[in-house]
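These notes are about the structure you will find just below.
Labels below follow one simple rule: chain letters A, B, ... track the order of the sequence lines, proteins then strands, and each chain is numbered from 1. Reckoned from all heavy atoms, side chains included, excluding hydrogens, waters and symmetry mates.
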Number of protein chains: 2
Amino acid sequence: MARTQGSHSDVTGPKIQRSALRLFAQHGFAAVSMRQIAKEVGVQAGALYNYIPDKQSLLVSLMQTHMEEVLAAWHQKAADLQGQDVLARLEAFTRFHIRYHMERPDAVFIAYMELRNLTPENFARIEALRSAYEGELRLILQEGVTSGQFEISDAKITTLAVIGMLNGVMTWYRSGGRLSLEEVETIYWDMVRKSVSPMVG
Amino acid sequence: MARTQGSHSDVTGPKIQRSALRLFAQHGFAAVSMRQIAKEVGVQAGALYNYIPDKQSLLVSLMQTHMEEVLAAWHQKAADLQGQDVLARLEAFTRFHIRYHMERPDAVFIAYMELRNLTPENFARIEALRSAYEGELRLILQEGVTSGQFEISDAKITTLAVIGMLNGVMTWYRSGGRLSLEEVETIYWDMVRKSVSPMVG
DNA sequence: GTTTTTATTGAACATTTGTTCATAAAGCCT
DNA sequence: AGGCTTTATGAACAAATGTTCAATAAAAAC
């Protein structure tokens, strides 16, 4: 039977996810206890097990949700770019990646750092999602090569290099610093553009 | 009094470092117990405390040693490059960074991922070393700007972007794959060079 | 207002944690 | 061989771990 009113559980579930996300990002999966999570949710440790089967699953669901949301957000953005020039699409990807990820530093951190705590099947699932996301960039690069606008040695490596460079922003950027995020985006876009363009020098 | 012969302790100390390095990289600092380390060294847990004051210090010393070694290795390489063109020096840095770090994946992983387990003072010490290393690249970039060979928007950001891009190699490269490490170096060098060069397009 | 379903507690469990220390073994020097 | 210093053992410590479960409270349904 469908629930027609809000209940405690409707708010506790998401609260667990938020608390776990923050704590895992801050101290690492292994260093966070169920009791710490419970305390932040405002509940006893035993109650968590009404929402999750075990600690592992909590981590997996956080990672999977994050990856699916990135992919979905990009697909939505990509729909708006239909028919646009390949250079505009690459710029859009660059700015999207930086901006979207900077808004979710905790989830990004976890999705990149806690892969070793996953069982092989779960690892494969998460990696497939990441691979799909990388494929979106790779497609743009390959189109640019076909059209003669880009000149790259290897589409796969170049994809990884670009994403690695963009990911670097997460490790040092803090709002309130010397540059706004938009300025940072512009600097990175400038470098990305040059790094995949033919060089006349 | 100086020890004139090899003794058990001369080999156990380094063995602890090696085992801890491997285990911390594989499972994370918090997930590795002193007993696991001891087992791999071939000793009881209590014996570890003849070599280290506590678990924390073990981590710090691993990170500090790594950072100091990177810096020293680069300084040595840099000495050979005295008087060389700025482009050659940038290429040398690019190849050095990839090669050196790929030969020590465990230490790199730990030095980048376990910073949150450091006390503020220790964190500051490690960060100072990293900053000194980044300064080396930044110097090259700034010289290239002065000489008119490079064209970048912001030396600091560009430094971080380049290092971020190079660090990405560690996350995906495995020897025995499609490309040799030298080929990968060449692809990355091509991108780095273009990304800091003036664009005529 | 009573029953039925759902959510929470709080204690209990078997392990595991980092670290200490008295005791024992091993290595070195004369 | 005997004495001295350096290492290693193995038991012990209190605290913390993930997870379970009967009992209890709260909410929903009728």
Worksheet item: Starting at the 5' end of DNA chain D, what dot-bracket string do you get if Watson-Crick and G-U pairs under 3.5 Å are bracketed, crossing pairs use [ ], other-strand pairs use | and unpaired bases use dots?
Response: |..||||||||||||||||||||.||||||
Worksheet item: Taking the six-membered ring of A/Phe29 as reference, does the NZ or CZ atom of A/Arg116 fall below 6.0 Å from its centre and within a 45° cone about the axis?
Response: no
Worksheet entry | Criterion side chain to side chain donor-acceptor pair (under 3.5 Å) on B/Ser180 and B/Glu182, from CA distance to verdict | CA-CA 5 Å; B/Ser180 73; B/Glu182 221 220 312; 5.6 Å; no
Worksheet item: Distance from B/Leu23 atom CG to B/Glu40 atom CD, nearest 0.5 Å?
Response: 4.5 Å
Worksheet, complete the sentence: Between CD1 of A/Ile52 and P of D/dG18 the distance, given in whole Å, is 10 Å
Worksheet item: Thinking salt bridges, do B/Glu91 and B/Arg95 make one under a 4.0 Å N-O criterion?
Response: yes
Fill in: Separation of atom NZ in B/Lys15 from atom P in D/dA8, rounded to whole Å
10 Å
Fill in: Nucleotide D/dG18, atom P - distance to CG of A/Leu59 in whole Å
13 Å
Practice prompt. With rounding to the nearest 0.5 Å, note down the distance linking NE2 in B/His97 to CG in B/Asn167.
Written response: 4.0 Å
Worksheet item: What is the distance from CG of A/Leu58 to P of D/dG18, rounded to the nearest Å?
Response: 11 Å
Worksheet entry | Heavy-atom protein contacts under 4.0 Å, nucleotides 13-18 of chain C, coded B base, S sugar-phosphate only, - none | ----BB
Worksheet item: Is it true that the NZ or CZ of A/Arg104 lies under 6.0 Å from the centre of A/Tyr100's six-membered ring and within 45 degrees of the ring axis?
Response: yes
Fill in: Salt bridge flag under 4.0 Å for residues A/Glu143 and A/Arg89
yes
Discussion item. Ring-plane angle category for A/Tyr188 and A/Trp172, please: parallel below 30°, perpendicular beyond 60°, tilted otherwise.
Written reply: parallel
Fill in: Atom pair distance, as rounded to whole Å: CD in B/Gln44 and P in C/dT19
17 Å
Fill in: Atom pair distance, as rounded to whole Å: CG in B/Leu48 and P in C/dC21
17 Å
Discussion item. So if I take every side-chain heavy atom of B/Ala45 and compare against C/dG10, C/dT19, C/dA7, which nucleotide ends up nearest?
Written reply: C/dT19
